[in-house]
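Read through the structure below, which is laid out as C-alpha cells, and then see the notes.
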Amino acid sequence: MASKKLEIIEISDSNGVVASLPIGVVEGKSPGRSLGVIGGAHGTEYAAHDAVARFWESLDPEKVTGTVRVVLMADTIAFEKKSAYVNPADGKNLNRMWPGDYSGTITEVIAATITERVVSHSDAVIDVHGGEWDEAIGTFIIAHSTGDKDVDDKVVAIAKASGFPYIEITPADGPILGKGTGSGTACMSGVPAMTFEAGGEGLREERYIDAHYEGLWNVGRYLGILEGEITTWGAEPVVMDHGVLMKVTQGGVLRPEVEVGEWIAEGQPFTSVLSYDGEVLETLTAPEAGVVIDVINSRAIAASGFAGKIAVVPPRMARLD
C-alpha cells in the first residue's frame, strides 16, 4: 500500500549530545527503484533547505513507483544554531565525515545513521547543497569518478538528466570534494551519487530553490520513480574540464572582484585581500579562463582561506574573444 511517513529519529553520541534527524519515506503504489535525498548537511544553505522541503511536500505516494527517502535536515543542531560549515557541538563538518561512525561524536553519528537508513537502501543519492551565508554559488553539480565504469556512467547520466548547467567530476576518494563527502563516499560504495550546488548568501532566492527542486524531480523522472517528462534549462549540460579552487595566502578584508556567472579571462582579477586600513595585500588572478561558479563574499577572510571557484570548460566551448 502506498504511504508517506515522516519519522523524527533521536540520536546521541557518547558525550551525551542529542540531535533530531527528520527522515521522510514515501513508498509508492508499486515496487521500483529507490532515490535518496539528503538535505541540510550545512546550517545556513537556505535555498537548498527550502527546495528539499518543497520536494518532500510535493510527493504523492499514489504517483510514485518505488521509494523516495528524504532527509529533511541532516544537521538540525547547525541549522538551529545558524552555524555555517560545522556542527557547533563538535566543530566537525558533516560533509567530511562520511560514512560516519556510531562510536564517534554527534556529526559522525549523524552520517552513520543516514548511511544506514538512506544511502544503503538507495539506487541513487542526491546531496543538496548551496553556499553558506558568506558564499555565492551558481548552479552546478559535483559528480564523481570511481574507476568502476558502470557506476561512473550512471553518475554522469543522472547528472545530465538533472538539468543543471555545469557538471564537475572529481575523484570520489580524492582529497578535494571527494573522500569524506556524502556523495563521494556513496559512489565508492557503489551507489551513484552527486552533490547539487545552487544559491547562497543566506538568501532564499526562488531561482535557486527552483533549480534544486526541478533537478530532484528530473532525477526521479529519469529513474522511473516520479511521473512526467524531464525539464531542462534549454541547453546541453556542460561537463567541466576541471574546476580551479581559488585560495588566498593572507588574511584580512576581502574584496571580491567578480560575481557568480561571469566569464573570467586568464589573468583577470578574481578577488583581493586588503589590510584593515585599505592597503591591497594580495590580488588573486585567474590562472585559467572560465566561468565563475563560486565566490566567497564575506568581508573577512583568513590566511589560506577559500575564495571561490572557476569552472574551466572544454576548449571547444570556451568563449571566443
Side-chain angles (χ1 to χ4, degrees), residues 1-9 11 21-41 48 51-74 98-100 102 110-128 141 143-144 146 148-164 167 172 181-196 212-232 237:
M1 179 182 295
S3 64
K4 183 176 184 179
K5 298 178 181 177
L6 177 65
E7 181 181 3
I8 308 298
I9 303 166
I11 60 176
L21 187 57
I23 299 180
V25 180
V26 173
E27 296 287 356
K29 63 191 179 209
S30 57
R33 292 174 170 174
S34 178
L35 172 63
V37 175
I38 302 172
V52 171
R54 184 180 297 179
F55 177 70
W56 166 251
E57 291 166 4
S58 73
L59 296 173
D60 179 351
E62 295 297 336
K63 297 181 179 180
V64 171
T65 299
T67 306
V68 182
R69 293 177 174 83
V70 180
V71 181
L72 283 132
M73 189 62 61
W98 301 88
Y102 280 115
I110 292 169
T113 305
I114 296 173
T115 296
E116 178 185 0
R117 290 182 174 252
V118 176
V119 177
S120 65
H121 298 285
S122 299
D123 294 302
V125 171
I126 308 298
D127 196 1
V128 185
I141 285 174
H144 306 281
T146 66
D148 182 323
K149 187 177 186 303
D150 181 58
V151 173
D152 294 351
D153 287 350
K154 287 178 179 177
V155 167
V156 173
I158 293 169
K160 287 183 174 181
S162 74
F164 271 52
I167 302 167
T181 65
S183 56
T185 303
C187 284
M188 290 304 296
S189 72
V191 179
M194 63 204 64
T195 299
F196 282 7
H212 282 306
Y213 175 80
E214 291 296 335
L216 291 172
W217 264 89
N218 280 340
V219 171
R221 290 164 176 150
Y222 174 80
L223 295 173
I225 297 170
L226 302 179
E227 298 179 351
E229 298 295 322
I230 291 174
T231 59
T232 67

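One-based numbering along the sequence shown. Because the structure is a prediction, the values reported are computed rather than measured.
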inquiry  = Please report the interatomic distance CG(L21) to CD1(I114), rounded to the nearest 0.5 Å.
reply    = 5.0 Å
task = Applying side chain to side chain donor-acceptor pair (under 3.5 Å), name anything that partners K160, two or more places apart in sequence or on another chain.
result = none
key: For the student: nearest non-hydrogen atoms of T67 and E27, plus distance   = OG1-OE1, 2.9 Å
request  = Would you confirm whether T181, through its side chain, and G184, through its main-chain N or O, come within 3.5 Å as a donor-acceptor pair?
outcome  = yes
Step-by-step side-chain contact (heavy atoms from CB on, under 4.5 Å) determination, V26 to V70 = CA-CA 9 Å; V26 173; V70 180; over 6 Å; no
note = For residues 57-66, the salt bridge (Lys or Arg N to Asp or Glu O under 4.0 Å) pairs (sequence neighbours left out) are none
inquiry  = Pair L6, W56 - check side-chain contact (heavy atoms from CB on, under 4.5 Å), show working.
reply    = CA-CA 10 Å; L6 177 65; W56 166 251; 4.2 Å; yes
Less than 3.5 Å apart, which donor and acceptor atoms pair up between the side chains of residues 223-232 and the rest of the protein, not counting sequence neighbours?
{"residue": "E227", "atom": "OE2", "partner": "K29", "partner atom": "NZ", "Å": "3.1"}
{"residue": "T231", "atom": "OG1", "partner": "E214", "partner atom": "OE1", "Å": "3.3"}
{"residue": "T231", "atom": "OG1", "partner": "N218", "partner atom": "OD1", "Å": "3.4"}
{"residue": "T232", "atom": "OG1", "partner": "G234", "partner atom": "N", "Å": "3.4"}

inquiry  = Can you give me the closest heavy-atom contact between S183 and T195, atom names plus distance?
reply    = OG-OG1, 2.8 Å
inquiry  = Ignoring hydrogens and geometry beyond distance, is a side-chain donor-acceptor pair present between R69 and S34 at under 3.5 Å?
reply    = yes
task = Please report the closest heavy-atom contact between R33 and D123, naming both atoms and the distance.
result = CA-OD2, 3.2 Å
request  = Mind checking the CD1-CD1 spacing from I141 to I126? Nearest 0.5 Å is all I need.
outcome  = 7.0 Å
key: Shortest non-hydrogen contact from I167 toward P237   = CD1-CB, 4.0 Å
query = Looking at D153, T146, D152, which hits side chain to side chain donor-acceptor pair (under 3.5 Å) with K149?
reply = D153
remark   = Smallest heavy-atom separation, G215 atom then F196 atom, equals C-CE2, 3.6 Å
request  = Output the distance between atom NE2 (H121) and atom CG (L35), rounded to the nearest 0.5 Å.
outcome  = 14.0 Å
message = With heavy-atom distances below 4.5 Å as the criterion, would you say the side chains of I9 and R117 are in contact?
response = yes
key: Inter-residue atom distance T185.OG1 - H144.NE2, 0.5 Å rounding   = 8.0 Å
request  = Check side chain to side chain donor-acceptor pair (under 3.5 Å) between S162 and all other residues, then give those that pass, not counting sequence neighbours.
outcome  = none
query = What residues form a side chain to side chain donor-acceptor pair (under 3.5 Å) with W217, not counting sequence neighbours?
reply = S58, Y213
task = Measure across T65 and P31 and return the closest heavy-atom pair with its distance rounded to 0.1 Å.
result = CG2-O, 3.4 Å
key: For H212, all residues meeting side chain to side chain donor-acceptor pair (under 3.5 Å), sequence neighbours excluded   = none
ask   = Within a strict 4.5 Å, meaning less than it, do heavy atoms of the F55 and V128 side chains meet?
value = no
